[in-house]
Each structure stands twice: as structure tokens, then as C-alpha cells.
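First the structure, in the form of C-alpha cells, and then the observations on it.
Because the structure is predicted, anything quoted here is derived from the model rather than measured. The sequence lines fix the lettering, A, B, ..., with proteins before strands; numbering per chain opens at 1.
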Amino acid sequence: MLDIHFIKENPDAVKAGMRAKGETDTTLVDQVLQVDETWRRLKSEGDQLRADANAQAKDVGRLMGQGKKDEAQALIASTGVMKERLKELEAAAAEAEARRTDLLLRIPNVPHPSAPVGATPDENVTVRTWGEPLPQEWRRPHWDIVAEYGWIDFERGVKVTGAGFPFYVGFGAKLQRRLIQFFLDRAGENGYVELQAPYFVNEDSARGTGQIPDKEDQMYEAPRDGFYAIPTAEVPVTNFHRDEILDGKALPIRYAAHTPCWRREAGSYGKDVRGLNRLHQFDKVELVKLVHPDTSYDELESLRRDAEGLLEALGLPYRTLLMCTGDMGFTQTKKYDLEVWAPGQQRWLEVSSCSNFETFQSRRMGIRFRGEDGKPRLVHTLNGSGLALPRVMAALLETYQQPDGRVVLPDFLG
RNA sequence: GGAGAGAUGGCAGAGCGGUCGAAUGCGGCGGUCUUGAAAACCGCAGGCCCGAAAGGGCCCGGGGGUUCGAAUCCCUCUCUCUCCGCCA
């Protein structure tokens, strides 16, 4: 969520940001400013009244102490009247504040100036390509390969749980494990602290990273316990420092975590759900950073480089897209997508998404650091996949298959 | 799952319903002393909100209540700890 003061001082910039993200109705901004005005008025009136009532209550105590019962009695009566009025004011202020928060949560983050303005994915900018996308020729899609060797069992996954919950079998399971290990080791070398995180989070955490309100339909939940199954490690890991004031000298803080991710993928049907392309449960190594505001855009570049380095080490051709404003999502100011080439399908698969949120998440979560002047300031948060496993595995199998049908992987993957 | 105890500032730990945002210790920061450091001594220090400022309001796990007045009393929720049971 944005800072109300920022909105107040830059309403046009906020509206422009909303339009750039494809939000045609910018009246939210006007509404929130209006409600804020109301809240402010009620709040200061209430504070004043409360100050008076507090002063009178103290006088009562003093008078009682001095044995002046009559004077105390008179004050008690008058304070009672004030409290009635105060109750009304407080109720009105609380309502205004709730409405303000509700509106605030529905205003998207403002894109960074370096993000290209655009409405559709066609307007994303390719900022980097690596390797030569292989032609189709004899290459088969990964679902044929894994079926032939029995490395992934989709059918039994359907029986045991449902569509999108595959079993990885034998070498398939081993390969995934080795990739996870490789990703985590590389993250460690790049300065990320490895974290093992809970796979369920509570409502506060889901709200902190912006899954609710709005995207709760994406998550599986355990209502009996008030938990959500994590759709990405971003949620528990970023919330790790929720409601904390960090030592400024500790920044930047970098974490890497491997977790399964669960996504309901409600409403997404079609041909890109074949094989490993889109699952309800998949594994991912996530990179998360909490950084000083001055460095967050440099940190975004290095985050991107860290993710790109993994694909290069695997020898998988990829391209990096700088997302245009219309395609980057509600919470980001700037976002890169890494897409790996899957030659058996002749298409690009998104395997990482690296974003800067500036203070959009940290404001909700109350993650601050003590600045040079000793005052708490909000950190900037970033995250990116490093990387999502199934699609990497798909690209890997399709890329390293041989004309004779065998798959010959780089040595370090065994 | 059953029984009991508890939740106060970075940590530990006080706090008869009235001047308590809160003692004290440790830790932290600044200084004196020292060649430097330690020790000792002196001093400074919570967070949030409104406000240009002055100033004001709120916060003693969350929420609600009693009262002129609540960290202190009541209700409720959550969490933690101890014991028992169960268990990877």
C-alpha cells in the first residue's frame, strides 16, 4: 500500500501510475483523499476532547485527595457528558479510518520511471538474450520424454490428489533434488542466507505480502486453523521480519528458501497446462531481499543477474524481459521476467520474476530499519525466483535430449 | 487432547484503580579517564498518529467492558511455559 502522504502530495502521479497499469478508474485517489480529510478532522477533534476529559479526570483525583467532594462531583458529571460525545467521535473516526485503509489497499504501486509504459505483454522489452533457441527438429516436448522414461507420473498424481499434483519418480525425483541443491548452493555463494520456511502462513502474513485482499482465490487454505498454503516462499520469508526495526548496518539482508508452492490457478485452463508447464503444486527456490531504499534498484539488477546466472550455468538459452507497466502487476514498481526456451514446445517458459516493491510491502508489514539519524524508516523489499523447478526441468529435458531419444545432461547434474 | 501458570520497553524484571509511558539491572549510544582497550564514573536513549511548529492523542499480547480515572478490576480471543497423555 502507498503512503497516504505521498498520495496527498502527488495525486496526479498516483493516477498516472494507475492508468499506466491499466486501471481506467482513478477516482479511488479522490475518494481516499476525501475520506482521509474526514478522518483527520474527526481525529483531531477527538484528540482535543480526550485531552480535556483526561485533564478533568486528573482534577477529580486531586480534588478527591483534598476532600472537596462537591467540586469533584460537578466535574464527574461534566466529564460524563464529554465521554458520550467522545464515543461518537471515536466511532466515526474508526469508520473513516477503516474506509481509508480499504481504499488504500486497492490503489496499486506506482511504476518506476524506467519501466516502459505499455498495455499488453507485446510491449514488454527484451533487455537480454542468452544462447541460441534450438529448432524443433527431432525434439519432443518434455511430457513425451518423461512418459517414455517414467520420470514423472501425472496419472497417479491425479488419482492420489488431483490434476496438477504429479509424482516425480526415480531419476525425475533425483534430478529435481539436485537442481534444488544447486540453486541453494549458488544462492549461498551469492550472499543469500538459506532459510527453511513454514509452508503455511496466517492471515496477517498473507496480507503483508499482498495476497489478501484480492488474490485469496489463488491460495489453498486450511480454514479450521486459519492458515493459507503458501503460493510462494516470498510470503513466509518476507514476513520473517514483519513488525521489526532492523539494524541499518545489517542491510542488505538476503534470503534464499526452497519450498513447495501451491496455487489453485483458478480460471486458467488451456494448452499451457500440459506437462510441467502449470501445476497446482511445484517447487521453487525463492530469493528475497530487504534493502536500504537508496540501493533497491541496484539490488534489483543484481537479483536479476543472480537468477540469470543459474540458467547460464545450466546452459539453457533464455531471454530477460523488462515488463511494461500494464503487465507487471499490482504491487511492483519494476519487474523482470526470465523466460527459458523449451525447444520441444518451441516456446518460452517463465521461470523467474524479479521485482522491486519499494515500500509497498514493508509498509503493510512494518519492516523498518534505523537510519543514520536514528529514526526508523521502511526498507525496500525485493524478490525473485531462483528458480521455479518444473519449467526448468522441462527446458532441461527438452534441450538436452539427443536425436536417439536419450537425454544427456551437464555432468554436475549427474 | 487434559490440568495449571503466565504475557510489561532490545533482553531480564518491578509495578496499593489516580502525578506510570512505566522503577531497577543488563545491553545500546555519547562522554570523562587511558598510549589504546577494559574497568569505573557522568550523561542520552521506546514506538505510532495528528500538526509547519508549539503542542496534543494513542500504545504495558489482541479485542471488548466496568470507572470521573485501568498496566493494575471483569469478559473474551490468541500465544507462551510447566505437568500428564499421544506422537515424527
For [N] versus [M], give the span between their [atom1] atoms, rounded off to a whole number of Å.
N	M	atom1	value
B:G85	B:A3	P	16 Å
B:A22	B:G15	C1'	8 Å
B:C49	B:A39	P	37 Å
B:G9	B:G13	C1'	11 Å
B:C20	B:C58	P	16 Å
B:G6	B:G61	C1'	11 Å
B:A38	B:U32	C1'	15 Å
B:U66	B:U76	C1'	15 Å

- Residues forming a side chain to side chain donor-acceptor pair (under 3.5 Å) with A:Glu97, sequence neighbours excluded: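 Result, side chain to side chain donor-acceptor pair (under 3.5 Å) vs A:Glu97: none returned.
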Distance check needed: [N] [atom2] versus [X] [atom1], whole Å only.
X	N	atom1	atom2	value
A:Asp3	B:C49	CG	P	9 Å
A:Glu97	B:C50	CD	P	9 Å
A:His5	B:G51	NE2	C1'	10 Å
A:Glu45	B:G55	CD	C1'	18 Å
A:Leu86	B:C68	CG	C1'	13 Å
A:Glu203	B:G62	CD	P	18 Å
A:Glu244	B:G10	CD	C1'	11 Å
A:Glu90	B:G65	CD	C1'	14 Å

- Message: Please pick, from B:G51, B:G47, B:C49, the nucleotide with the shortest atom-to-atom distance to any side-chain atom of A:Lys8.
- Response: B:G51
- Message: As a test of reading the structure: which of B:G47, B:C50, B:G51 is closest to the side chain of A:Ile245, going by heavy atoms?
- Response: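 Nearest nucleotide to the side chain: B:G47.
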Is [N] paired to anything, Watson-Crick or G-U wobble with both distances less than 3.5 Å, and if yes, which nucleotide?
N	result
B:A7	B:U78
B:U24	B:A12
B:G18	B:C68
B:G1	B:C84
B:C29	B:G43

- Query: Is the number of heavy atoms from other residues, nucleotides or ligands under 6.0 Å of A:Glu312 CD greater than 12?
  - Reply: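 For A:Glu312, atom CD is crowded (more than 12 foreign heavy atoms under 6.0 Å).
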- A:Phe369 and A:His292 aromatic ring geometry - parallel, tilted or perpendicular at 30°/60° bounds: tilted
- With under 30° as parallel and over 60° as perpendicular, where do the rings of A:Tyr255 and A:Phe240 fit, or are they tilted in between? perpendicular
- Item | is_close_aromatic(A:Trp151, A:Phe171), centroid dist under 6.0 Å | yes
- Query: Can you check whether A:Tyr297 and A:His112 have ring centres sitting under 6.0 Å from each other?
  - Reply: yes
For the residue pair [X] and [Y], confirm or rule out a side-chain donor-acceptor distance under 3.5 Å.
X	Y	answer
A:Gln361	A:Glu234	yes
A:Lys284	A:Thr232	yes
A:Glu398	A:Gln345	yes
A:Arg274	A:Asn277	no

- Hey, which of these two, A:Lys87 or A:Arg40, hits RNA chain B nearer its 5' end, going by closest nucleotide? A:Arg40
- Message: Reading RNA chain B from 5' onward, which residue's closest nucleotide shows up sooner: A:Gly46 or A:Pro376?
- Response: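 Its nearest nucleotide being more 5', the pick is A:Pro376.
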- So what does A:Lys249 hit on the nucleic acid, given a heavy-atom distance under 4.0 Å: a base, only sugar-phosphate, or nothing? nothing
- Contact under 4.0 Å: A:Arg370 side-chain N or O vs B:G47 OP1/OP2: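 It does, given that an N or O in the side chain of A:Arg370 lies less than 4.0 Å from OP1 or OP2 of B:G47.
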- Query: Quick one, which residues of residues 47-54 of chain A touch RNA chain B with a heavy atom under 4.0 Å?
  - Reply: A:Asp47, A:Arg50, A:Ala51, A:Asn54
Below 3.5 Å is the cut-off: list the nitrogen or oxygen pairs between protein and nucleotides 73-81 of chain B, distance only.
none

- Query: Cation-pi between A:Arg156 and A:Phe167: NZ/CZ under 6.0 Å from ring centre and within 45° of the ring axis?
  - Reply: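 No, cation not above the ring by the 6.0 Å, 45° rule.
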